[in-house]
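Here is the naming used below: chain letters follow the sequence lines, and residue numbers restart at 1 for every chain.
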Amino acid sequence: MKIFSTLSGKKEQFVPQSDEVTMYVCGVTPYSDAHIGHAMSYIIFDVIRRYIRFSGYKLKFIQNVTDVDDKIIDRANKKGIPAIELAEQYSDSFMADMDALNVVRADFYPRATGEIDKIIEMVQGLVNNGYAYEVNGSVYFRVTKVSDYGKLAHRTLDSMMAGARIEIEQDKEHPMDFTLWKASKPGEPSWTSPWGEGRPGWHIECSAMSLKYLGDTIDIHGGGSDLIFPHHENEIVQSECFTGKKPFAKYWMHNGLLQFGGDKMSKSLGNLITIKDALQKYNVDTIRIFILNSHYRSPLKYSLEAFQAAESAADRLRRTVEREDNANNTNKLDPQPYRKLFIEAMDDDFNTPQALAALFDLARAINQAADAGTDISEAKNTLAELAQNVLGLKLASISYEQNPEIQKLIQERQTFREERNWKEADDVRQKLADLGVAVEDTPTGVKITPLKKK
RNA sequence: GGCGACGUAGCCAAGUGGUAAGGCAGGGGUCUGCAAAACCCCCAUUCAGCGGUUCAAAUCCGCUCGUCGCCUCCA
């Protein structure tokens, strides 16, 4: 298995430290509903996790919830509720979204507010060994003391300074120094520390959690490419300087970002589509195929057309899995060649578009074989296994058996058809269409599917 | 201003030296009472443009044009 690491800038052979792979992906700061950009990132890392397990490794996966932060405090103040309550609310909302998107849960979701002891221990350690300094109750990291600062973003301190819009903060020794511990203002959530009342800076919680739950060196650390700098860069220096061990993470993985249409990517929330909105309109498989049909490191443009294409594609796989087995036929379709292609694609830095292509090739072969009466049971199992276990698709069809109105109309139509009364039969079909379902006559009986949105 | 990514058919999108995957849409056909689904055939002599290296380039190099990201909160 090969993984592209942002740190080295190339694909590397994946060699975990042990049979149990340790992995950390930056989670959310819960102050509003998550949007489909979040869905993209977490679905991608979900598939990566699923594939690592599918390949035979064990995996320990941790994801943070940063439940104390400026934006949470601002938003909570506007709403007139405690910050922790707001964070709780949106954190629950996020978990519900992840479940709905069929994202496998992490082993544990530590919260920043629950890890204050570890955070203070780290900040103190960094002060003690000279990598951090306290000014007016806040503690800053001294970036000039680290020779390889910028190694993840592939930049140097000088190049960062050139033309950068950096707000000059009087307290900092160097403009690029970043906050480890922030002195709190009155009314803000705060904890007692050796430097007075305060709260964690932005980057420190991820380091603390990763070190505490996964160890000094983990195998994979991931997140959106917008986190490379400064978030992950800072995680690296503060962690490595605290533990004295390198590397903090062996492989750094970053997904490309979702772009919103050709229009202005307006910063106002009007342009953002929440996961809840998307799920209202499309099923999980549609959303997952939309995302997995492009490579995870490439940016992806949101478009209605692409979603509709993904919906049709999902439907194709779903229908294929539902075809009759012909299990009594002695001719069998062998899915191995397709399985091999799928695995080769996934082994090459999780090339899901190519893996999906292998699945569609298998689907075509299955349909061909099914038309010919060949036994497709094993091939179908392979298709379902790879699609569901690795790509996290559900391939679940909607059942209308519990709907008496639809069942009654189907019966009516069957009667007309047996009487060869095509006119009446077609009228009933139209009635069913008005109810949002399409009826298909197949050799094995009537099949009801949701009517396609045009 | 600095750093970086990208530009492949109507749309989405793989492919990083050996002659263009896959999905969607479209056209024709088989099947069907009609449909739908499925299947078959067709749909980029060509990979933004211009030069260069090479026996050979979408793939390497240079320039031009265009789009985007990061440098500030962000998956």
Side-chain angles (χ1 to χ4, degrees), chain A residues 9 25-29 31-32 34-45 63 66 69-71 74 150 153-156 158-167 176 202 222-231 233 254-259 262 265 267 272 289-290 292-295 297-301 303-317 319-320 322-323 341 345 348 351-361 363-372 416-417 420-423 425-426 429 433 438-443 446-449 451-452:
Chain A
V25 171
C26 288
V28 287
T29 300
Y31 65 96
S32 64
H35 58 259
I36 52 178
H38 293 106
M40 176 177 173
S41 188
Y42 296 125
I43 284 171
I44 283 164
F45 283 107
Q63 184 165 76
T66 301
D69 154 278
D70 288 346
K71 292 187 295 292
D74 287 351
H154 301 290
R155 261 178 253 169
T156 62
D158 287 344
S159 76
M160 289 179 214
M161 294 300 297
R165 291 160 279 174
I166 296 165
E167 46 185 292
M176 295 305 289
W202 172 36
S225 58
D226 52 347
L227 295 179
I228 295 171
F229 193 89
H231 187 57
E233 191 75 57
H254 294 98
N255 62 275
L257 302 182
L258 190 69
Q259 298 167 219
M265 151 68 165
K267 273 151 197 168
L272 300 182
I289 287 178
F290 164 73
L292 299 175
N293 196 37
S294 96
H295 189 83
R297 281 190 280 118
S298 303
L300 179 59
K301 251 188 308 227
S303 82
L304 213 56
E305 297 73 26
F307 264 87
Q308 281 164 348
E311 183 159 54
S312 296
D315 197 41
R316 182 177 168 79
L317 293 180
R319 283 173 177 280
T320 303
E322 285 170 1
R323 294 204 59 160
L341 284 173
D348 184 14
N351 193 328
T352 56
Q354 238 169 36
L356 264 176
L359 251 36
F360 282 109
D361 285 341
R364 164 157 291 117
I366 289 173
N367 281 319
Q368 277 171 342
D371 283 357
F416 286 132
R417 291 191 73 225
R420 306 185 68 80
N421 188 345
W422 310 125
K423 174 80 174 61
D426 287 347
R429 175 153 57 194
V439 52
E440 297 172 25
D441 302 310
T442 74
V446 179
K447 184 175 166 67
I448 301 297
T449 59
L451 198 65
K452 275 199 176 175

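Every residue two or more places apart in sequence or in another chain that forms a side chain to side chain donor-acceptor pair (under 3.5 Å) with A:D441 is listed here: A:R413, A:R417. Remark: A:D74 engages no residue in a side chain to side chain donor-acceptor pair (under 3.5 Å) (not counting sequence neighbours). Residues forming a salt bridge (Lys or Arg N to Asp or Glu O under 4.0 Å) with A:R429 (at least two apart in sequence, or on another chain): A:D426. Applying the side-chain contact (heavy atoms from CB on, under 4.5 Å) criterion to A:N293, with sequence neighbours excluded, gives A:L356. For A:D315, the side chain to side chain donor-acceptor pair (under 3.5 Å) criterion is met by A:R318, A:R319, not counting sequence neighbours. Under the rule for a side-chain contact (heavy atoms from CB on, under 4.5 Å), the partners of A:L341 that lie at least two apart in sequence or sit in another chain are A:E344, A:A358. Considering only residues two or more places apart in sequence or on other chains, A:Q354 meets the side-chain contact (heavy atoms from CB on, under 4.5 Å) condition with A:A345, A:N351. Among residues two or more places apart in sequence or in another chain, the side chain to side chain donor-acceptor pair (under 3.5 Å) test is passed with A:N367 by A:T320, A:R323. With sequence neighbours left out, A:R364 forms a side-chain contact (heavy atoms from CB on, under 4.5 Å) with A:R316, A:Q368.
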message: I'd like to compare against my own output: the B/S/- annotation of nucleotides 8-15 of chain B with a strict under-4.0 Å heavy-atom distance to protein.
response: ----BSSS
Extract from the structure each pairing of a protein N or O with an N or O of nucleotides 37-42 of chain B at less than 3.5 Å, listing the distance.
unit_1: B:A38; atom_1: O3'; unit_2: A:N367; atom_2: ND2; d: 3.2
unit_1: B:A38; atom_1: O2'; unit_2: A:R323; atom_2: NH1; d: 3.1
unit_1: B:A38; atom_1: O2'; unit_2: A:D371; atom_2: OD1; d: 3.3
unit_1: B:A38; atom_1: O2'; unit_2: A:D371; atom_2: OD2; d: 2.8
unit_1: B:C39; atom_1: OP1; unit_2: A:N367; atom_2: ND2; d: 3.4
unit_1: B:C39; atom_1: O4'; unit_2: A:D371; atom_2: OD2; d: 3.0
unit_1: B:C39; atom_1: O3'; unit_2: A:Q368; atom_2: NE2; d: 3.3
unit_1: B:C40; atom_1: OP1; unit_2: A:Q368; atom_2: NE2; d: 2.1
unit_1: B:C40; atom_1: OP2; unit_2: A:R364; atom_2: NE; d: 3.4

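Note: CG (A:L227) to P (B:A75) measures 6 Å, nearest angstrom. Between the P atom of B:U72 and the CG atom of A:D70 lies a distance of 16 Å, rounded to the nearest Å.
Nearest to the side chain of A:R155, among B:C3, B:A75, B:G33, sits B:C3. Across B:G22, B:A75, B:G33, the shortest atom-to-atom separation from the side chain of A:Y42 is found for B:A75.
The residue A:A313 sits close only to the backbone: its heavy atoms come under 4.0 Å of sugar-phosphate atoms, none of a base. Within the 4.0 angstrom heavy-atom criterion, only backbone atoms of the sugar-phosphate kind lie near A:G27; the bases stay farther away. When heavy atoms are screened at a 4.0 angstrom cut-off, A:V439 is found touching base atoms of the nucleic acid.
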- prompt: Using Watson-Crick and G-U wobble pairs whose two distances are both under 3.5 Å, how do you write the pairing of RNA chain B as dot-bracket, with | for links to another strand?
  reply: ((((((((.[[[..)..(...]]].(((((.......))))).....[[[[[..)....]]]]])))))))....
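With C1' as the reference atom, B:U16 and B:C6 are 14 Å apart, rounded to whole Å.
When each of A:T449 and A:D226 is assigned the nucleotide of RNA chain B bearing its nearest heavy atom, the one mapping closer to the 5' terminus is A:T449.
The heavy-atom pair separating A:P299 from A:Q259 by the smallest distance is CB-OE1, 3.2 Å.
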